[in-house]
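Have a look at the structure below before the remarks.
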Protein chains: 2
Amino acid sequence: MSLIVHKYGGTSMGSVERIRNVARRVAKWHAAGHQVVVVPSAMAGETNRLLSLAREITPQPDPRELDMIAATGEQASSGLLAIALQTQGVSARSYTGWQVPVRTDSSFTKARITAIDGDRIRADLDAGRVVIVTGFQGIDPDGHITTLGRGGSDTSAVAVAAALEAHECLIFTDVDGVYTTDPRVVPEARRMSVVSFEEMLEMASLGSKVLQIRAVEFAGKYRVPTRVLSSLTDPLIPLEEEITSGTLITFEEDEKMEAAVVSGIAFSRDEAKITLLAVPDTPGVAYSILGPVAAANIDVDMIVQNQSVAGTTDFSFTVNRNEFQRTIELLKRDVIPTVKARELVTDDKVAKVSIVGIGMRSHVGVASLMFQTLSKEGINIQMISTSEIKTSVVIDDKYMELAVRSLHKAFELDQSPTEKA
Amino acid sequence: MSLIVHKYGGTSMGSVERIRNVARRVAKWHAAGHQVVVVPSAMAGETNRLLSLAREITPQPDPRELDMIAATGEQASSGLLAIALQTQGVSARSYTGWQVPVRTDSSFTKARITAIDGDRIRADLDAGRVVIVTGFQGIDPDGHITTLGRGGSDTSAVAVAAALEAHECLIFTDVDGVYTTDPRVVPEARRMSVVSFEEMLEMASLGSKVLQIRAVEFAGKYRVPTRVLSSLTDPLIPLEEEITSGTLITFEEDEKMEAAVVSGIAFSRDEAKITLLAVPDTPGVAYSILGPVAAANIDVDMIVQNQSVAGTTDFSFTVNRNEFQRTIELLKRDVIPTVKARELVTDDKVAKVSIVGIGMRSHVGVASLMFQTLSKEGINIQMISTSEIKTSVVIDDKYMELAVRSLHKAFELDQSPTEKA
């Protein structure tokens, strides 16, 4: 008998019939003797409906009240799931974030979990109940309702699993696992049965939407074994089959994992590139440029600064394409007059492609194979950025699919690790 | 400067535009220097939508989970109202029942308020904020969410007003006050500017849907001056005008009130009559008949038992028409074999008509005028029941409108108290 946390997304909870299916699946786990805690999202579309009502009143609603409103979506879906479970003869009880309580800081609409009290959940589990905990929300030190931001239910689930020292956290979603790259771009993309936490972190932050990056961070921090698997299978598929399906995020590096030098290709088209040419290279220039950008709450992704030549340097960075115009205006107004760059060069038609693999740590020539592959295809690399386990390049966005496909083939990701060995 | 509680129903909160109007009205009171607490209902239709989802899963959902689900409607509307107020430049904050907290017993779906802690609300009021408190809900001693049942927001508002010792509780609704009878039946029906608590209690319990009976009881217990008034007027009508509009429920009997012998005519068509003929009249017979009915959670309204003749008595009572079939089955199975009634006579085509007036206490001949009026119209009275301030009759339901109209005229309710004097 193990303690298992299940998380179901908005699509899985999208209608009464789907909630019934979730209940069937949970009941199956419960009947097999497991203690189950379920963290559901709001019914698909509900959070958007609620936020639209608020934005109809004003484009900039008060975050505290926004959380008050948005938190109701998960509260309702959790109650519905409890009822669906009871209808299947399973004793079940739902709790909101504040009832558990799930304690957070006071950053409304993007709060961070600080602590979870597992006592109440454990008492119900020990009484034989399935416990449902609303995803996405918590309570701050002053007793206000907070939400964790978009996709926060993933984080809730992993955090609950950590607090209860669960055997595994199962993230049920509308894909059947983590792939070497997006199967819509590369039909040969292969589902990984295991992925390391570090790789998952890079994949998540690089635009692979399977699992929220904060959830991955949480899983890493507390070493919560987390599995991404499909909620679209028959809810009554045999437990033995389900228990090994999907992709498991692990924290142990065994030989098999070392063997995979590159595990996956991540990519993102939501990029825009900004370069300040010939900036006089004085100490603090990076801060002079990016300080005002950060202060305006604009998220900067890649940052590249080259060796200075004749006392000046070229400084490039990427931002989300939605923030492109705002960033340019800001730079022209607040930055360029100060740092005295010669020229501003911008391009919002770029894409970022990254190879990710824990094996890169100990293997040379990985980046080189990437550059060679792109060169063969005649794709010009505009920016390069590397970390221990990934190499990212910025390229013209019209070549993005071509780059992903050729890299996927070059690193033999269409073959299973066994075939390669 | 006074502390005023406003309550707005689901229709008043029914859309973003209507919520804006509520905010305009509240802002007007706030600008005039009043401390305002607002208790809103859920947006019209929302509670039904939520309960339908639950009933789609099972016809008999768990009450605890039903409350979890239903309570979200007011939480969302409260947040929306706070945002709308802020947009008007008014500092505002919304609280759920558990945040205040509004403490209740554990009778899910029909909980009763046991205590309200006013500290948190008072602190916000003193900081210059308008405070919004979700209607309809509270928290039980174990920290579960409870709801007060249909129309519970009226009770919430009056209870909050009592806890804060508010100057007045304003129930904004889609009618402009309490009438001598339903204007749809009697076009001459007149709005009362003042009605006594006792009369309101009788009016509310007799089918006048303006204000929930539990709210009236609460108002009486804590002597909360409560005013029923229209939310359909221009939200910016002058405060002096609004402050005296509608109908005020008072606890002081002045001469003017004594003058009105009969204040209003209440009626209800949801009645069904059941008579057990020739029941052997032994001690405890009433309990033998009504005990099983109460145990089956069927609400009994009027009860009439006549003087026994030759050791037997006829025992009549009325139930809601929806419970008619169930009551008959129950009587045939569990009651009649025991009490040995000779015959069961039933009629589900009856209506109840009542005259209500605090002046009846000290005036003779009031009931007599009622019987005379009905007799003149050829309406047969099937049952009579009286209390200190009302007289109710059960009649064939096809005569209901005729009875109400003729009684309204006979008691000169179409004329203002001044005209009569």
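We use all heavy atoms of the structure for the numbers below, so side chains are in, but hydrogens, waters and symmetry mates are not.
- Contact count against chain B (heavy-atom pairs under 4.5 Å) is highest for D62(A) among D62(A), I19(A), I132(A), D67(A).
- Taken to the nearest 0.5 Å, the OG1 atom of T134(A) stands 6.0 Å off from the CE atom of M68(B).
- Annotation for N297(B): atom CG does not count as buried by contact number, only 12 or fewer foreign heavy atoms lying within 6.0 Å.
- Taking 4.5 Å as the heavy-atom cut-off, the residues of residues 80-96 of chain A that approach chain B are L80(A), A82(A), I83(A), A84(A), Q86(A), T87(A), A92(A), R93(A), S94(A), Y95(A), T96(A), ordered by number.
- Scanning residues 41-55 of chain B against chain A with a 4.5 Å non-hydrogen threshold yields M43(B), E46(B), R49(B), L50(B), L53(B), A54(B), sorted by number.
- Residue contact with chain B, scored on non-hydrogen atoms closer than 4.5 Å, involves the side chain of Q99(A) exclusively.
- Heavy atoms closer than 4.5 Å to chain A are found in both the backbone and the side chain of Q75(B).
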Side-chain polar contacts of residues 8-15 of chain A - donor-acceptor pairs under 3.5 angstrom, sequence neighbours left out - could you list them?
{"unit_1": "Y8(A)", "atom_1": "OH", "unit_2": "H6(A)", "atom_2": "ND1", "d": "3.0"}
{"unit_1": "S12(A)", "atom_1": "OG", "unit_2": "S231(A)", "atom_2": "OG", "d": "2.8"}
{"unit_1": "S15(A)", "atom_1": "OG", "unit_2": "E17(A)", "atom_2": "N", "d": "3.4"}
{"unit_1": "S15(A)", "atom_1": "OG", "unit_2": "R18(A)", "atom_2": "N", "d": "3.1"}

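- No more than 12 heavy atoms of other residues, nucleotides or ligands lie within 6.0 Å of CG in D299(B), so this atom counts as exposed by the packing criterion.
- Contacts with chain B (heavy atom to heavy atom, under 4.5 Å) involve no residue of residues 101-119 of chain A.
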